[in-house]
Amino acid sequence: MTRANALIVDDEADLLDLVRITLARMDITAHGVTTLAAARAQLASRPFDLCLTDMRLPDGDGTELVRHVTELYPDLPIAMVTAYGNMDTAIAAMKAGAFDFVAKPLDLRVLRELTTAALRLRPTNHVTAAVADLPTSAQLLGDSPQIDALRGLIAKLARNQAPVYINGESGTGKELVARLIHQLGPRAEQPFVPVNCGAIPTELVESELFGHRKGSFTGAVSDKAGLFQAAHGGTLFLDEIADLPLPMQVKLLRAIQEKAVRPVGAEKELPIDVRVISASHRHLEAEVTRGRFRQDLYYRINVIDLTIPPLRERRSDIPILTRYLLARIADANGGAVSTLSEAALTRLGSYDFPGNVRELENILERATALSDGSELLPDDLRLPVTVEAAAATAPVSVTTAPAPPSSPPAAPPPSDTTASLAERLAAIERHILTQTVSECHADLAQAAAALGVTPASLHYRLARLELNAADIL
Ligand SMILES: Nc1ncnc2c1ncn2[C@@H]1O[C@H](COP(=O)(O)OP(=O)(O)OP(=O)(O)O)[C@@H](O)[C@H]1O
């Protein structure tokens, strides 16, 4: 096998030598250069398997090289050497595309781990192909542009070691996304350890995360490894991180920064190599403002953030998710796969899913269990009746003439006392929408503002009632 080649960019001769010797022991040839210009020339002249650059160079700064490599050699992993404790630089480098960083003075263990991880990285196109190879159960399904963009981001993040923070409402797929980042990256063969921080009693959090020594507290009858150690070499997924008590946040920050943990009752720290992915359904920034989450930890775990939109903002994903979930339910129960009637799908399409994909899964599971046939009907879904749901299922037979612009508010449509509640609500909504759109001369942004809804919500409501803004004028 040919030896791997690494490009080392640093103007300190001692450091170049140290890296050269360390990498030579790993069977890697290190080519050292001292300036950005020389690094660019080397990169253009031959392929490399890894690049390590110092931050401060005589002719510029290392993040410029990170950008250059990310743009021209996207498959080349590049890591940054930063001054000890300079987290700002490390974070800026990772945001620019560096896959990891190592602090000065160089800890050779960290350097070796970083190098091994870099050499395990798959080329970008292989990562994208690997997504398609995963079983459907491990995939992020959906046709919406938001999910498409998310899939691209996951493939990119899998290639780097930066901490990722995932925000999204409950049930949107945060854990699924974290698993994908892990599975598509160089740590895939190592453990993925999910932890729900909110579910661990406060007094046990430290011992659960970092482990404990026998006798360190009542009940500690033997040494126990913590979840950080269980995830060594792999990924620790800290779900609901906002629920961690403040004193624990300090210890977590230290563990992430020092890449070491101290079990409760232990004298020495243990080195750990763990990629941390965290998540919360809360807005961490707001938690920081309220003093409930430490700013320094927020800054450290949030190097790259990723938001999963709620299902109601990507309704086009509902059909594919429904097909997949119905197949999964049938598989688990050993029965035939149920289908959804057109009307039931329409009903789902107008429901808001406060519990997102998990709620969709529960609704379909209940409907499958309770329905009489293999085709699920709207009533089988047993959705809570909301004004929206009621209006969505109402026939669209009631029409109202548009009010002339700037006329006094027109009277509501005459109430047909024989019509159902849903039909009557739909008629009222139709009347309000028609009147406002007309008054705003079909300017939907203005109409949305006047109605206190988002433009997307107004579009959706108009489409649902089969109203065309251009026809209203
Ligand atoms: N886009 C998707 N494609 C396929 N399955 C999905 C998708 N999104 C979510 N799921 C499924 O929905 C369920 C909930 O997802 P997950 O547990 O990842 O959500 P979460 O955001 O971590 O929830 P919580 O905040 O409550 O922990 C899981 O069964 C998951 O596989």
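Values reported hereafter were calculated over all heavy atoms of this structure, with side chains retained and with hydrogens, waters and symmetry mates removed.
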Determine all donor-acceptor pairs shorter than 3.5 Å in which one atom belongs to a side chain in residues 242-253; sequence neighbours excluded.
{"residue": "D243", "atom": "OD1", "partner": "R282", "partner atom": "NH2", "Å": "2.7"}
{"residue": "Q249", "atom": "OE1", "partner": "R294", "partner atom": "N", "Å": "2.8"}
{"residue": "Q249", "atom": "NE2", "partner": "L244", "partner atom": "O", "Å": "2.8"}
{"residue": "Q249", "atom": "NE2", "partner": "R292", "partner atom": "O", "Å": "3.4"}
{"residue": "K251", "atom": "NZ", "partner": "E206", "partner atom": "OE1", "Å": "3.0"}
{"residue": "K251", "atom": "NZ", "partner": "E206", "partner atom": "OE2", "Å": "3.2"}

Could you go step by step and tell me if L50 and I28 meet the side chain to side chain contact (heavy atoms under 4.5 Å, CB included) rule? CA-CA 10 Å; L50 162 70; I28 299 165; 5.6 Å; no
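- Note on residues 89-103: pairs passing side-chain hydrogen bond (donor to acceptor under 3.5 Å, both in side chains), not counting sequence neighbours, are N86-T89.
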Where do D317 and S144 land on the side chain to side chain donor-acceptor pair (under 3.5 Å) test, with the steps shown first? CA-CA 6 Å; D317 291 338; S144 61; 2.8 Å; yes
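- Residues meeting the side-chain hydrogen bond (donor to acceptor under 3.5 Å, both in side chains) test with T63, sequence neighbours left out: D61.
- Checked against L23 for a side-chain contact (heavy atoms from CB on, under 4.5 Å), the options L18, T29, I8 give a single hit: I8.
- Between the side chains of E359 and Y351, a donor-acceptor pair is found at a separation under 3.5 Å.
- Y299 is linked by a ring-ring contact (aromatic ring centres under 6.0 Å, His included) to nothing, counting only residues two or more places apart in sequence or in another chain.
- For L111, the side-chain contact (heavy atoms from CB on, under 4.5 Å) partners two or more places apart in sequence, or in a different chain, are V19, T22, L52, L106, L108, T115.
- Among residue pairs with one or both ends in residues 165-181, those qualifying as side-chain hydrogen bond (donor to acceptor under 3.5 Å, both in side chains) are Y165-N167, E169-R312, E169-N356, E175-R179; sequence neighbours excluded.
- One side chain, R187 or Q161, offers a donor N or O that lies under 3.5 Å from an acceptor on the other.
- Close placement of the F48 and H31 rings is indicated, their centers lying within 6.0 Å of each other.
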